[in-house]
Amino acid sequence: MQPKVNRQLFTQRVFDSGSLGVLASVIHRFEDPGKYDLTVFRAGAAVGTLSFVVDENSDARQLSIDLAKIEQQSKDTGDCCGKTATPMVVSPKGYVVFYASRGAGYAVRGGRSSEKKPAFDSENLGKDDLFAVSLLEPGIYSVVDRIGGAKGQVNVSLSAEEAKRLKSLEPVYVEAKGKTFEPAEINLVSTQGLIFRIHHSSRIVVEKQGPLIKERQPAFRWRPSRTVDKGKAG
Amino acid sequence: MAHLTVAANEKTFVSLFNTVRDNFQFEKSDSGSFGPFTAAYHVKLHLEGGSVDLRGDNTIKIEELDIKWDILDLTIGFDLPEICVGGFCIIPTPFGCLLEFPKWCVFDDNPDIEITLPLGGFTSEITAVASLVIKYLTHPERLPGMDDWDAQDTPASPATQTPFVKSVANRWQVFVDPQTLDIDPIDIADTVGDLLESLVEAAIDDLLFFLPGFVKDIIKGILGSIIDLIRVILDIPDDIQEWISDLLNVSFGLLDFIATAIADFLAAKFPIYEIEDPFPMLPKADNPNTPLPELIPVKIPIRDLTAFNNDVEMIIEANVG
């Protein structure tokens, strides 16, 4: 029996930093040491919590947290909003990567246990946060910052030649400056990384609009010209 | 001096040998696991041609005896490597990647690929030096207590019949026993690498047929060159042709099986000649003194049978009584 295909990878059309699905992640650096408690939301409802420790003595430079897994663990323990497994650890110089291995609509918010104000809210990214996506389906994508108002466009292509280079593609960076994206139009090859560096309060939404212009079928076609033999016509 | 002598000249001997040759068939399947891949083969072959030379030193030289590989199918199975997207570096540093994008894999488990290479249709050659050997057979289908006349009248099953004695009677058998037997290594066509590549590509296309075009392109782009993929997965160091040849000859020991099967067939399974024992001198006959019962066959025991050859004929000698 052949293994199942993760079809969501190929049907994802919207990549929203405030509502995470597959192929997207938000990254934040928690610089103040301490224990952090965050709540995971999906479609606005709390579905789990997680804890981690920012420890000055830790060498860990990356802590990757799967929000879908947190939700699942919470379901398995029967505790929607209680504490989950062993706290994770990361260095204050490291980064926490929030992503969803499956599903859609995930957000995360929280901060240090001792503080009421959340240190991080994925629905409202702050300065130095990152929003990274990988767009697979060729086409034209709109890019909108729903908080700052910036607009842009991403063109994703996949030619036969480009397909041979997939493993060597470097990501492309965009500066999200609230009212503008720099650059505002980006050309990518399918699967190539797209990383937004956040400068102002932002919520970035990338959404597929349609195929690339050259892929569109013409509305009409010219028929080859014919020579009519007037002697035989009629 | 022997009571009984039978001689067959070289031409007759060759004719007898050709009968033995034409009755040989070999068919075998086997499989094994070799770490990152599994392999199985199915082989079917027969013998043709060859020259047979009786020599003055009581040996027989067999040359250019063809093995016709009617079927040689090699099936190779392996898992495709993980096919994942993402995993790119978000924050590179001169010392390596500081921050990596997560990975999402296309399949929830690595898909199996299985391809069958049809390698048959070629010919190998055997060279052998043999000598004649004698055996005595009590037919396995002869019932205990059955007398020699009943045995003579009871046909053997088709699978155990020989051209010489078709009943379950006891008999002396003369075999050609190879002392040395050399077989050419299995000759794999040098186009096998191209064939392997095209079969793997077709198998991957079959696996992905239901996916949108751009998805197939992405997956193939991730997998990269098919031939490089095959080399990595199957750990093929250099020459694919040589690798397949080693897989069959060495890992499976296929040539050893075949050589043993041929040697065993010649030396113990299919005799070049047989003499029924006791030998039927006269068939049964109507009794001239009716109404007395018919006359039973006259049979005479054969003993001390020997067989040897010189450069012109095979000679069988025995004593009777």
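Below, chains carry the letters A, B, ... as their sequence lines are ordered, and counting in each starts from 1. Predicted, not measured: the structure shown is a model, and the values here were computed from it.
- Proximity to chain B (any heavy atom under 4.5 Å) is restricted, for A:V133, to the backbone atoms N, CA, C and O.
- For the pair B:W104 (side chain) and A:A100 (backbone), a donor-acceptor distance under 3.5 Å is present.
- Within the 4.5 angstrom heavy-atom criterion, atoms from both the backbone and the side chain of A:V22 approach chain B.
- Here B:F101 contributes atom CZ and A:L194 contributes atom CG; the two are 9.5 Å apart, rounded to the nearest 0.5 Å.
- To the nearest 0.5 Å, the span separating OH on A:Y95 from CD on B:E100 amounts to 14.5 Å.
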Worked check of side chain to side chain contact (heavy atoms under 4.5 Å, CB included) between B:D108 and A:N6: CA-CA 7 Å; B:D108 61 357; A:N6 186 350; over 6 Å; no
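- Of the atoms belonging to A:F10, heavy atoms from both backbone and side chain fall under 4.5 Å from chain B.
- A 6.0 Å sphere centred on CD of B:Q25 holds no more than 12 heavy atoms belonging to other residues, nucleotides or ligands.
- Only the side chain of B:F88 has a heavy atom closer than 4.5 Å to any heavy atom of chain A.
- When heavy atoms are compared at a cutoff of 4.5 Å, B:P102 approaches chain A solely by way of its side chain, counted from C-beta outward.
- With sequence neighbours excluded, no residue satisfies salt bridge (charged side-chain N to carboxylate O under 4.0 Å, His left out) with A:R29.
- Between chain A and the residues B:I222, B:L99, B:L211, B:D109, the largest count of heavy-atom pairs under 4.5 Å involves B:L99.
- We find the CD1-CZ distance between B:I90 and A:F131 to be 11.0 Å, quoted to the nearest 0.5 Å.
- Note on A:E170, A:E137, A:Q8, A:R61: by heavy-atom pairs under 4.5 Å with chain B, the leading option is A:E137.
- Only the side chain of A:R7 has a heavy atom closer than 4.5 Å to any heavy atom of chain B.
- The 12-atom threshold is not exceeded at CZ of B:F209, counting heavy atoms of other residues, nucleotides or ligands nearer than 6.0 Å.
- Heavy atoms of A:S25 lying under 4.5 Å from chain B belong to its backbone as well as its side chain.
- If you measure heavy-atom distances from B:V106 to chain A, the contacts under 4.5 Å come from both the backbone and the side chain.
- Evaluation of the salt bridge (charged side-chain N to carboxylate O under 4.0 Å, His left out) rule for A:R109 yields A:E123 as partners, not counting sequence neighbours.
- With a threshold of 4.5 angstrom between heavy atoms, B:L223 approaches chain A through N, CA, C or O but not through any side-chain atom.
- Interface residue A:L23: backbone and side-chain heavy atoms are both found under 4.5 Å from chain B.
- Highest contact tally toward chain A, considering only B:D217, B:V215, B:I83, B:I91, is held by B:V215 [criterion: heavy-atom pairs under 4.5 Å].
- Sparse packing is recorded around NZ of A:K164, with 12 or fewer heavy atoms of other residues, nucleotides or ligands lying under 6.0 Å away.
- A:I27 touches chain B through its side chain: at least one heavy atom from C-beta onward sits under 4.5 Å away, while N, CA, C and O do not.
- Between A:I195 atom CD1 and B:C89 atom SG the span is 8.0 Å, to the nearest 0.5 Å.
- Counted within 6.0 Å of NZ on B:K216, heavy atoms from surrounding residues, nucleotides or ligands total more than 12; the atom is thus considered enclosed.
- With values rounded to the nearest 0.5 angstrom, B:I218 atom CD1 is found 4.5 Å from A:L136 atom CG.
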